[in-house]
2 protein chains.
Amino acid sequence: MKMNEGVEWAMHSCVNLSWIPGRAVTAKHLAAFYDLPTAYLNKQLQALARAGILTSTSGPKGGFQLARDPERISLLDIVVAIDGAEDAFRCREILKDGPGADPKADYVQICQISQAMRGAELTYRRELAGRTIAEIADRVVGANPAAPENVRRRFDNLKS
Amino acid sequence: MKMNEGVEWAMHSCVNLSWIPGRAVTAKHLAAFYDLPTAYLNKQLQALARAGILTSTSGPKGGFQLARDPERISLLDIVVAIDGAEDAFRCREILKDGPGADPKADYVQICQISQAMRGAELTYRRELAGRTIAEIADRVVGANPAAPENVRRRFDNLKS
DNA sequence: GAATCATTACTCGGATAGTAGATGTCCGAGTCTTTCAGG
DNA sequence: CCTGAAAGACTCGGACATCTACTATCCGAGTAATGATTC
């Protein structure tokens, strides 16, 4: 089980975008920041845009920016946007193929194993839903107060 | 992100094995129970044996059985045995490729995103670690008291 | 000099290859059972 | 009748294909800026 690597890129990019409000930043610049493959990062940013986390504008002076306040963007939002909403553990209802099974019963709900796994994933998602981009950004500032200014300067330099 | 499908099979098989103590059950019989591909289930059972969850014996009258009490087999044990111990989210330390990074700093520990994701996975694993095969089996019995006897009879019939 | 229009350059967007990991299958090594020969 | 060994059959175990989905890339559609042209 391995999560889509783009999730990490997307989260870092969102934190950086939270420090550059009101301006569109191109995928190329966001990729250059961490030396990531531009086209592939662009794909992830597209997914965020489809999910309503970012807004995108085409053409010169175009790019991406946060679609809403970073306080209202949770880590779960990003994971769902890029990795999909489906659970990692997917009950195939193998009990249905067992002896004495009821063909029309919903074994996803009945099966104790399915319940336990779904319960664990629920706590996982709840945890991620409680963490926001704003909170992450704040903690980064706590460790390194110059971070936002450094990011802004960096993107300004890339502009020239 | 999709978990190895064999995890589901392995958990169901362990529950069934908990109702047939002291006797080896072949992969073929365990597979027939839910109409699963024998060779592939065998592969998963091997992984459980390597992890010390099952014991395996070769030859006629051979097969698999639980290596310890079902109270001491957690769902996490099975997930780790089959799906691996590595986290789903793997910090690639992309901050290291960012501007002004310290090449010898441990960004897995520093990075706030990495911390948040690891924290969420930790709660997930803690949840699974708290659930045992015995508990699952008990709940199944609660809903269907005849289940263990049905399973035993089923395997006896396959014997003949 | 101002306005309009065509050009141009730049960006996102989705369609298209390449690759790693999961899924599925097969045959060999080892072992227990069974059988048969000998004492 | 008992003992021992050899043959046989059954099971796990790991090595070998296949297939899905993640990773990576490329080119086209659309858009805003820009410059030239005309009034």
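Order of the sequence lines fixes the chain letters, A, B, ..., with proteins taken first and strands second; residue numbering starts at 1 for each chain.
- Among the atoms of the strands shown, none is found under 4.0 Å from any heavy atom of B/Gly6.
- For the residue pair B/Asn16 and B/Ser13, no side-chain donor N or O sits within less than 3.5 Å of a side-chain acceptor on the partner.
- Put simply, B/Asn42 has no side-chain N or O that comes within less than 4.0 Å of OP1 or OP2 on D/dT11.
- Put simply, the residue from A/Arg154, A/Arg152, A/Arg153 that forms a side-chain hydrogen bond (donor to acceptor under 3.5 Å, both in side chains) with A/Asn150 is A/Arg153.
- Between A/Asp83 atom CG and D/dT23 atom P there is a gap of 9 Å when expressed in whole angstrom units.
- The separation between A/Glu8 atom CD and D/dT23 atom C1' is 15 Å, rounded to whole Å.
- Across A/Thr38 and A/Lys28, no two heavy atoms sit closer than the pair CG2-CA, 3.7 Å.
- Comparing atom distances between the B/Pro60 side chain and each of D/dC10, D/dT23, D/dA24 picks out D/dC10 as nearest.
- With a 6.0 Å radius and a threshold of 12 heavy atoms from other residues, nucleotides or ligands, A/Lys2 has its NZ atom above the threshold.
- Between A/Ala27 and A/Lys2, the residue anchored closer to the 5' end of DNA chain C is A/Ala27, taking for each the nucleotide with the nearest heavy atom.
- In this structure, NE2 of B/His29 is placed 11 Å from C1' of D/dC10, rounded to the nearest angstrom.
- Shortest non-hydrogen contact noted between A/Met1 and B/Arg90 is O-NH2, 3.2 Å.
- Along DNA chain C, the stretch of nucleotides lying under 4.0 Å from any heavy atom of chain A spans, 5' to 3', C/dC10 to C/dA22.
- Contacts between residues 72-80 of chain B and DNA chain D, counted as heavy-atom distances below 4.0 Å, involve no residue at all.
- Of the possible polar contacts, none joining the A/Tyr107 side chain to the A/Cys91 backbone as a donor-acceptor pair under 3.5 Å is found.
- Nucleotide D/dC16 holds its P atom 18 Å from the OH atom of B/Tyr40, rounded to whole Å.
- Along DNA chain C, the nucleotide nearest to A/Ser58 and the one nearest to B/Ala39 differ in position, and the one closer to the 5' end is contacted by A/Ser58.
- In this structure, A/Glu5 places its CD atom 15 Å from C1' of D/dA21, rounding to the nearest Å.
- B/Lys43 comes within 4.0 angstrom of a base, heavy atoms only.
- B/Thr132 has its side chain out of reach of B/Pro70: every pair of non-hydrogen atoms, C-beta onward, lies at least 4.5 Å apart.
- Atoms CD (A/Gln44) and P (D/dT25) sit 13 Å apart, rounded to a whole Å.
- In this structure the side chain of B/Leu41 never reaches within 4.5 angstrom of the side chain of B/Tyr34, judged on heavy atoms.
- To the nearest angstrom, C1' of D/dG14 lies 7 Å from CD of B/Gln46.
- With B/Gln112 as the fixed residue, the side-chain contact (heavy atoms from CB on, under 4.5 Å) test singles out one of A/Val15, A/Val141, A/Val140: A/Val140.
- As rounded to whole Å, 14 Å separates atom P of D/dA21 from atom CG of B/Asn4.
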